[in-house]
Amino acid sequence: MSGLTQKYSITLPRDIAEQARSRGGPSGLSSYVAAAVARQLERDNLNDLIEALESHHGPITDEELQQTREELHRARREQGTPGPVE
């Protein structure tokens, strides 16, 4: 993340804010929220890329998706990197 910061005011549901604050630990709520927003931006960018690729090459098939998942799981096992539980 960038070292430059800007102060913003945001509104969150109280229960979500308190959970985030408790998980933020020493880094604090702002750091926790910044990390969450950064992850969402990555997802949004990936969705934009998928949309652009599908508009050019056609939709991704279920078979292609399953093959890619299997390749990812195999690569994670070879690297000893845990993957998400499905």
Side-chain angles (χ1 to χ4, degrees):
M1 277 188 266
S2 171
L4 300 175
T5 61
Q6 174 72 37
K7 189 169 186 162
Y8 295 93
S9 175
I10 61 170
T11 303
L12 297 171
R14 180 172 286 151
D15 60 330
I16 292 173
E18 291 306 317
Q19 289 178 56
R21 184 184 309 280
S22 70
R23 292 205 176 253
S27 298
L29 178 61
S30 291
S31 181
Y32 192 86
V33 170
V37 171
R39 280 192 306 275
Q40 185 61 48
L41 289 169
E42 288 175 356
R43 288 178 180 167
D44 292 345
N45 289 335
L46 285 172
N47 286 334
D48 291 346
L49 177 60
I50 290 168
E51 191 175 294
L53 290 171
E54 284 187 328
S55 72
H56 188 265
H57 297 286
I60 299 170
T61 66
D62 289 340
E63 293 80 20
E64 291 170 323
L65 189 57
Q66 185 59 35
Q67 179 182 0
T68 302
R69 281 189 178 124
E70 290 170 4
E71 290 172 7
L72 178 59
H73 290 303
R74 184 173 44 255
R76 285 181 170 160
R77 279 192 307 272
E78 290 172 2
Q79 295 174 358
T81 305
V85 177
E86 292 186 39

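Computed from a predicted model, the values in this text were never measured in an experiment. All residue numbers refer to positions in the sequence shown, counting from 1.
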What distance do L53 atom CG and S55 atom OG have between them, rounded to the nearest 0.5 Å?
7.5 Å
If you measure from CG on N45 to CG on L41, what distance do you get to the nearest 0.5 Å?
6.5 Å
Measuring only between side-chain heavy atoms, which start at C-beta, is H73 closer than 4.5 Å to E70?
no
Assess the residue pair Q40 and D44 against the criterion (side-chain hydrogen bond (donor to acceptor under 3.5 Å, both in side chains)); give the C-alpha distance rounded to whole Å, side-chain angles, the decisive distance to 0.1 Å, and a yes or no.
CA-CA 6 Å; Q40 185 61 48; D44 292 345; 2.9 Å; yes
Using 0.5 Å steps for rounding, measure from the CZ atom of R43 to the CG atom of N47.
9.5 Å
Could you tell me whether the side chain of E71 reaches within less than 4.5 Å of the side chain of Q67, counting heavy atoms only?
yes
L65 reachable from I50 in the ILVMFWY side-chain graph, under 4.5 Å edges
yes
For E64 and I60, work out which heavy atoms get closest and say how close.
OE1-CA, 3.4 Å
With a cut-off of 3.5 Å and sequence neighbours excluded, list every side-chain donor-acceptor pair involving residues 7-21.
unit_1	atom_1	unit_2	atom_2	d
Q19	NE2	D15	O	3.4

